[in-house]
Amino acid sequence: MNRAAPLLIGLAALLVSVIGAFANGARFFDAYLFGYLFWLGLALGCFGLLMLNHLVGGKWGFVTRRFFEAGLGTLPLMAILFVPLLFALRVLYGWARPDDVAANDVLQHRHVYLNIPFFIARVIGYFAVWLWLTLKLRRGSHAQDATSDIKPTRNLRTLSGPGLVIYVLITTFAYIDLVLSLESDWYSTIFPILIIVGQALSALAFSIMLLAFYSRKAPLAPVLTPAHFHDLGNLLLAFVMLWAYMSFAQFLIIWNGNMPDEISWYLHRSSSGWKMVALVLGMFHFAVPFALLLSRESKRRLGILCTIACAVLLVHVLDVYWLIAPSLHIHAHWLDFTLFAGIGGLWLTVFAKNLAAYPLLPLNDPRYAT
Amino acid sequence: MKTETPRIFGIVAEFHDHMALLNAARKAHASGYRKLDAYTPFPIEGLAYEIGFRKNRVALCCLLGGLTGGIGGYFMQWYALAIDYPLNVGGRPFHSAPSFIPITFELTVLCAALATVIGMLALNGLPRPHHPIFSARNFARATTDKFFLAIEASDKNFNARKTAQFLRECGATNVSEVNDEG
């Protein structure tokens, strides 16, 4: 594959989108938020899997670690790409519009927390923590490449315990700000963790696809065995189930309670065609991959596993869209596609550059003597 | 009182170490023996495969148990709450699918787990208070330091004399014929 292809496609898509922005400025930022949050989620999902593996080990993480590290390495890019959103807070968020706040009691109470200066300060804080964790995790891993002393691996394990807690807490706050606050009145305590599980699922599916891509080449070809795919397949099954569990837990409680201020979120997501999307998600984000991944054979054969992972990742794009878009507008727009591709092109370019910069398999890891 | 010749359960061979046992098991399977069983003091990687135990139906039991529990659990709630005794719970429909899911889920897990354990026991032929292998010479040491391979008389290639000879050639330190006292 041509290395420059994602960059060129990305830049072309962004250029077309910017032209589209002159025709429809408000819609541009809706689409930008969706594209941005999908790729940010793919990067953040790497945190959970990487630190989980540092903590508990497992050979599945040995062959995928560099993918997760390269994914985290895209966070500086995502920090830069956040800047355009700062100019559109009034377009996107009801709490940032003085008129909306004046007309809404709930927003007036929330104004202490949800106001533009504090929001910007918090986002800077989130990125500071994410980037700091990324730096520590990548530096430690590359330090281990250079030495046979096992101290860097020990340090990574020590960091990963508190690191996971920090990551989940920070990401919880971040997604309350970025996504949950799109709906003025709504709240759900399980929502951020539902997002985090979805991110880990997408990063896992992405890493399985990359593993399939590199499986015939050195240095992965001689190392990979069906046992690796089996582990990754089991993890994929676990995350598919966890995603379904979280989604359903949130839905069941709100459906049963049936309170006016709680159901708005689902009303927006079950009217005018969105209901079809919800059914597709239940079917292809859960039921079908769940049934397929129960079989041992579909986990041990890379071809089948990779196809399932690919499908899950595609459906997850739809999931992210379903979480965000119905709060903002009713119909899809071509800008949704071009901005998704544009940001994705830049993301993949940085990802590929990160991946090429270091050996594809970690060296000198004491747990995986090769 | 008539005397009858005791039925033979099979030929049991004793080995010094697990490698010898693995080799013998591999040779026996390659020679066409299928009714093989091995007895060792600790689990040995790959032994199950060598004696021809390559597929088991425990997973199938689990799946069937899960399906029974899931479908049965949902049906139970639907029949009780929507058909037989419709109950108005907070104005929700009689057939409230979302409310039925938690119990359906729990019964799926419960029945799958029970079917797995019971299926595993049944497929192993357990519980079974006595087994002819217990009367094999030296067999108590299967729990400490000896490794045993049995070729059972029900095998279609079984021949008491030839099979014993075959096992001796495989490096068994001790070969004995075991009767089925039934």
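To find a chain, count down the sequence lines: A is the first, B the second, and so on, and within it residues start at 1.
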Rounded distance [0.5 Å steps], CG in A:Leu252 versus CD1 in B:Ile101: 9.0 Å
Answer yes or no: are there more than 12 heavy-atom neighbours, outside [X] itself, under 6.0 Å from its atom [atom1]?
X        : atom1 : result
B:Tyr85  : OH    : no
A:Met246 : CE    : yes
B:His131 : NE2   : yes

Determine which donor-acceptor pairs between chain B and chain A fall under 3.5 Å and list them with their distances.
from: B:Arg92; atom 1: NE; to: A:Asn256; atom 2: O; distance (Å): 3.2
from: B:Arg92; atom 1: NH2; to: A:Asn256; atom 2: O; distance (Å): 2.2

Smallest separation among heavy atoms of B:Pro98 and A:Phe248, with atom names: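 Closest approach of B:Pro98 to A:Phe248: O-CZ, 3.4 Å.
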